[in-house]
Amino acid sequence: MTEKELLAVACEQFLGKNVQDIKNVVLQTLEGHLRSILGTLTVEQIYQDRDQFAKLVREVAAPDVGRMGIEILSFTIKDVYDKVDYLSSLGKTQTAVVQRDADIGVAEAERDAGIREAECKKEMLDVKFMADTKIADSKRAFELQKSAFSEEVNIKTAEAQLAYELQGAREQQKIRQEEIEIEVVQRKKQIAVEAQEILRTDKELIATVRRPAEAEAHRIQQIAEGEKVKQVLLAQAEAEKIRKLGEAEAAVIEAMGTAEAERMKLKAEAYQKYGDAAKMALVLEALPQIAAKIAAPLTKVDEIVVLSGDNSKVTSEVNRLLAELPASVHALTGVDLAKIPLIKKATGAQA
């Protein structure tokens, strides 16, 4: 031991002795304790549980050797044997049991190995299937993600293109707006120049055309007004003339109407005085006019042809027309020509 007190004890016990003497002392001490422990155990316990046997020896021998300044660091039973092969016989039985258990263990192990191999194959196939499924899912997810990325890229590209086009359109609009502003400024300047030119032209026209034209218009207006007054006076004179003529014609017409009325009055009085004779005279005066109106359409006829094979037939037709004349006059005027003696004689002679 390395502790100072125990090291001093060891020096007292073994000082002056060599190593072999120290070994012998320790060995004899351990053998004594070993024999005392063997007396308390059976042969089977000693043979089967060597570790327990060695532990007991260490526990019993440690205090004694410790009092000599010696520490047991390790103690192992190397071998247990006897001269009559009792322990070897126990070993054979144990060996047979172990061999049997070993064979059974091998068989069970082989069985378990087969089962485990099948399970492993199944697990492998399951794992392979799951791996293939995951690979397919991963591939599908990759393709979907790739499509999504491609779609997003296309969208971003389209948006970028659209933004570029919109920006270009805005720039073009700005350029066009600036061009319009420039055109407006130019147009304003041009309008200002044209306005100045119009003012100059207006002044020139006023000096060269308008004022002479105004003078000419004033002259023409004066002439027109004079002509207008002349025409008015002439129209008034003509109207007065027409009025005078109208009054004269009205007086003449009135006088003629008065005379005609007087004549008609006298005729009416004469007709009333003479009765039927006056009416007859009036009818006879009107007959030539009636005959003229009836015969007026015949004046437009160049030739009249009477189709008849008998000359006496023509004569009879003429006589018939003449005979019907008094009836026609009576129907038109109410005067019966047959009552007039002259007409009777004429009609009879004609007949």
Query raised in the report: Is it true that R116 and E123 have a side-chain N and a carboxylate O under 4.0 angstrom from each other?
Result: yes
Requested in this report: State whether the number of non-hydrogen atoms from other residues, nucleotides or ligands found under 6.0 Å of E165 atom CD is greater than 12.
Outcome: yes
Report summary line: Between the CG atom in N18 and the NZ atom in K23, the distance rounded to the nearest 0.5 Å is 10.0 Å
Query raised in the report: Hey, is R243 close enough to E247 for a salt bridge, meaning N to O under 4.0 Å?
Result: yes
Query raised in the report: For the residue pair M68 and T29, what are the closest heavy atoms and their distance?
Result: CE-OG1, 3.9 Å
Requested in this report: Report the C-alpha distance between H33 and D64 in whole Å, list the side-chain angles of each, state the deciding distance to 0.1 Å, and finish with yes or no for side chain to side chain contact (heavy atoms under 4.5 Å, CB included).
Outcome: CA-CA 9 Å; H33 288 292; D64 289 340; 2.3 Å; yes
**Report entry** From R140 atom CZ to L144 atom CG, the distance as rounded to the nearest 0.5 Å
**Finding:** 5.5 Å
Report summary line: So CG of L234 and CD of E227: to nearest 0.5 Å the spacing works out to 8.0 Å
Query raised in the report: Would the number of heavy atoms belonging to other residues, nucleotides or ligands and lying under 6.0 Å from CD of E254 be above 12?
Result: no
Report task. State plainly whether one hydrophobic cluster holds both L41 and L38, where clusters connect Ile, Leu, Val, Met, Phe, Trp and Tyr through side-chain heavy atoms under 4.5 angstrom apart. Result -> yes
Query raised in the report: Is there a donor-acceptor contact under 3.5 Å from the side chain of D21 to the main chain of K17?
Result: no
Report task. Name all residues meeting the side chain to side chain donor-acceptor pair (under 3.5 Å) criterion together with D126; count only those two or more places apart in sequence or in a different chain, and write none if there are none. Result -> K122
Report task. Kindly determine whether Q236 and E240 satisfy side chain to side chain donor-acceptor pair (under 3.5 Å), including the steps that lead there. Result -> CA-CA 6 Å; Q236 291 177 353; E240 186 66 21; over 6 Å; no
Query raised in the report: Roughly how far, to the nearest 0.5 Å, is the OG atom of S150 from the CD1 atom of I155?
Result: 11.0 Å
Report task. Treat each ILVMFWY residue as a node, draw an edge where side-chain heavy atoms are under 4.5 Å apart, and state whether V25 and L34 are in one component. Result -> yes
Requested in this report: Using a 4.5 Å cut-off on heavy atoms from C-beta on, say whether the side chain of Q161 contacts that of Y164.
Outcome: yes
Report task. Would you indicate whether the side-chain heavy atoms of Q196 and R200 approach each other to under 4.5 Å? Result -> no
Requested in this report: Starting at NZ of K146, measure out to CD of E143 and round the result to the nearest 0.5 Å.
Outcome: 5.5 Å
**Report entry** Point-to-point distance, once rounded to the nearest 0.5 Å, from CD1 of I37 to CD of Q52
**Finding:** 10.0 Å
Query raised in the report: Checking salt bridge (Lys or Arg N to Asp or Glu O under 4.0 Å) for the pair K55/D51: CA distance, chi angles, key distance, verdict?
Result: CA-CA 6 Å; K55 180 179 178 182; D51 292 336; over 6 Å; no
Requested in this report: May I ask you to decide whether R176 forms a salt bridge with E179, counting only side-chain N to carboxylate O separations under 4.0 Å?
Outcome: yes
Query - Donor + acceptor pair across side chains of E194, Q190 (<3.5 Å) - result: yes
Report task. Report yes if the side chains of E71 and L73 come closer than 4.5 Å at any heavy-atom pair, otherwise no. Result -> yes
Query - V65-L56 co-clustered via ILVMFWY side chain contacts under 4.5 Å - result: yes
Query raised in the report: Of the options V57, L30, V26, which is the one that meets I72 in a side chain to side chain contact (heavy atoms under 4.5 Å, CB included)?
Result: L30
Requested in this report: May I ask you to check whether N24 and Q28 show a side-chain donor-acceptor distance below 3.5 Å?
Outcome: no
Report task. For R170 and Q173, test the side chains for any donor-to-acceptor distance below 3.5 angstrom and give the result as yes or no. Result -> no
